[in-house]
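Note sheet for the following structure.
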Amino acid sequence: MTLFPEAAPDTPPAAASPPPPATAAPRLREANRTQVCLRPVDLEGLLPEDHRARLVWAYVEGLDLTPLYQAIQAVEGEAGRPATDPKLLLALWLYATLDAVGAARALDRLCTTHLAYQWLCGGVPMNYHTLADFRTAHGAFLDTLLTQSVAALLAQGLVTLERVAQDGVRVRASAGAASFRRRPTLTQCLAEAEGQVQALRAELEADPGATTARQKAARQRAARERQAQVAQALAQLPALEAKKKPTERAQARASTTDPDARVMKMADGGFRPAYNLQFATDTASQVIVGVDATTAGTDHGQLAPMVAQLEARHQQAPGAMLVDGGFVTKADLETVSARTTVYAPVPTPKDPTRDPHLALPTDPPPLAAWRARMGTPAAQAIYKERAATAECVNAQARNRGLRQLPVRGLAKVQVIALWYALAHNLLRAYALGALAGFLHRGGGA
């Protein structure tokens, strides 16, 4: 028997497939990024329904922006380019603050490359000059907006001001350490700046067509700003000298680029130009209810001004103020004791045998009451709320980019602090489930 029988003679053999040519290339679908594509784009459909940008826009739409609209000079029936809607600029900066974007140029780029910022712009072109000017030009409006937004939460009972925690956060200034100069150098810099201004004026008078109009304006503006900054630094030297010992007053220095900045000891132990931002936060809701920017290197003396601000802003004093030991001064305790209760740690006495909670013979009644109060378990339990509130708010501000200030001057630094407070409170209102009331009452509508 044959295991492999031969094929029948009339059956033709199977044809084998010819091998592919050795030089044949594989067929691929390759990228062609120069091809013109026409496709419909719907920004509204591209952005998810639960995106944070929609929350920011919903909040801004509920605000009364009448003061901002009244300042616009471009009106119907008159010549001129239409102004950018303040609603767009306000929403962009609020979202940028939440997104840890602090530079106007970076925000300008995101408006053309990032979907969320494109959605907020809605097709309106932006430029960094407009963005930068808007951020610092409306400090009074932002301050009023903070007051009105907190008032809305107060009306709903979500903010009570029963206990308020205050803490300072020192933020690196825009000025560099090398910009600080002593009086002789500042005097020399001022003379040089004045000479440059005069030289530019003489050059333009001698040959008006030597440079373009834009170059002329830029050079003159830079020279005038330099002159004004150095003059302001010299004007602040007497106050800086007064804080030093008589033998050290010649060492007092001021910055030629940011005269308001002060060299402060930072959290890492180093010394750098900085500002001290103060945030007061309701402990029950973690809503920021007060904001201040100072040039003080410590928190001494910052308690009484914040209590006064809260009274003026909300027409009521906080029930209690929770601060750390750096805030405690005799003057502040005497000033605020009749209006609020202070919870702060009592310093350790030099004599280890003395009870720190017993009043000293020289203590006025407010200090004696504070010492006795902080010795009770109830006061110590209340004081624990400070770290969970104030330090948490400061940490969140740091995470949102509050590490170095992008502006110069105390007034502009105050505005930056307001932006962070408004952005923080927006998320807190949403977390508390009060967005509807926040929108309705946030702008005073």
Side-chain angles (χ1 to χ4, degrees), residues 94 97-98 142-171 267 275-294 296 299 302-328 332 336 339-345 379 381-402 413-435 438 442:
L94 281 174
T97 303
L98 293 174
L142 296 178
D143 189 79
T144 302
L145 185 58
L146 176 64
T147 302
Q148 294 174 342
S149 61
V150 175
L153 298 176
L154 278 167
Q156 298 178 64
L158 298 173
V159 173
T160 63
L161 295 181
E162 179 181 355
R163 295 171 189 163
V164 173
Q166 179 184 354
D167 197 12
V169 53
R170 287 182 283 277
V171 184
Y275 287 89
N276 189 354
L277 305 188
Q278 298 287 324
F279 292 109
T281 310
D282 181 73
T283 59
S285 61
Q286 291 199 354
V287 170
I288 297 177
V289 296
V291 175
D292 197 11
T294 73
D299 294 329
Q302 303 303 321
L303 176 59
M306 182 58 72
V307 172
Q309 180 191 144
L310 296 178
E311 285 184 303
R313 191 184 290 275
H314 308 299
Q315 287 74 53
Q316 68 178 90
M321 289 293 295
L322 282 59
V323 295
D324 61 30
F327 284 85
V328 178
D332 277 8
V336 306
R339 312 197 303 273
T340 186
T341 304
V342 178
Y343 291 88
I382 291 174
Y383 179 71
K384 291 180 180 180
E385 299 178 8
R386 186 205 68 84
T389 302
E391 294 184 9
C392 176
V393 169
N394 287 351
Q396 290 180 8
R398 294 282 196 191
N399 292 337
R400 293 182 182 129
L402 191 59
V413 171
Q414 173 77 17
V415 177
I416 296 299
L418 287 169
W419 280 111
Y420 277 91
L422 289 169
H424 173 87
N425 287 355
L426 171 60
L427 292 189
R428 289 307 305 155
Y430 179 74
L432 294 169
L435 185 57
F438 198 70

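- L432 pairs by the side chain to side chain contact (heavy atoms under 4.5 Å, CB included) definition with L158, S285, V287, R428, not counting sequence neighbours.
- You'll find the side chain of L402 reaches within 4.5 Å of the side chain of L277, heavy atoms only.
- Atom CG of D167 and atom SG of C392 lie 12.0 Å apart (nearest 0.5 Å).
- Pairing each heavy atom of L153 with each of A429, the nearest pair is CD2-CB, 4.3 Å.
- Considering CG of L422 and CG of L145, their distance stands at 5.0 Å, rounded to 0.5 Å.
- Every residue two or more places apart in sequence or in another chain that forms a side chain to side chain contact (heavy atoms under 4.5 Å, CB included) with V328 is listed here: L333, A344, W370.
- Nearest heavy-atom pair, G168 versus N394, reported as atom, atom and distance to 0.1 Å: O-ND2, 3.8 Å.
- Residues L426 and Y430 fail the side-chain proximity criterion, which asks for heavy atoms closer than 4.5 Å.
- Expressed to the nearest 0.5 Å, how far CG of L98 lies from OH of Y420 amounts to 10.0 Å.
- E162 pairs by the salt bridge (charged side-chain N to carboxylate O under 4.0 Å, His left out) definition with nothing, not counting sequence neighbours.
- Checked by atom type and distance alone, the side chain of Q315 pairs as donor or acceptor with a backbone atom of A312 at under 3.5 Å.
- Among residues two or more places apart in sequence or in another chain, the side chain to side chain contact (heavy atoms under 4.5 Å, CB included) test is passed with N276 by R170, M264, Q278, T294, D299.
- Not one N or O on the side chain of Q286 forms a donor-acceptor pair closer than 3.5 Å with the backbone of V393.
- Scanning for salt bridge (charged side-chain N to carboxylate O under 4.0 Å, His left out) contacts around R163 gives E385, with sequence neighbours left out.
- Of all heavy-atom pairs between A308 and R339, the closest is N-NH2, 4.3 Å.
- For the atom pair Q414 CD and L142 CG, the distance stands at 10.0 Å (nearest 0.5 Å).
- Panel note: side chain H314, backbone V289; a donor-acceptor pair is recorded below 3.5 Å.
- Judged purely by atom type and a 3.5 angstrom limit, D282 has no side-chain atom pairing as donor or acceptor with the backbone of V159.
- Note that the CZ atom of F279 and the CD atom of E391 stand 14.0 Å from one another [nearest 0.5 Å].
- Across all non-hydrogen atoms, the minimal contact from A421 to L146 is CB-CD1, 4.3 Å.
- Between H424 and T97, every side-chain heavy-atom pair lies at or beyond the 4.5 Å cut-off.
- Atom OG1 of T389 is separated from atom CD1 of I288 by 11.5 Å, given to the nearest 0.5 angstrom.
- Q302 places no side-chain N or O within 3.5 Å of a backbone atom of D292 that could act as its donor or acceptor partner.
- Counting heavy atoms from C-beta on, the side chains of M321 and V336 never come closer than 4.5 Å.
- Under the side chain to side chain contact (heavy atoms under 4.5 Å, CB included) criterion, A379 pairs with Y343, R373, M374, T376, not counting sequence neighbours.
- The minimum heavy-atom distance linking A417 with V291 is given by the pair CB-CG1, 3.5 Å.
- Residues R386 and V323 come closest through the heavy atom pair CD-C, 3.5 Å.
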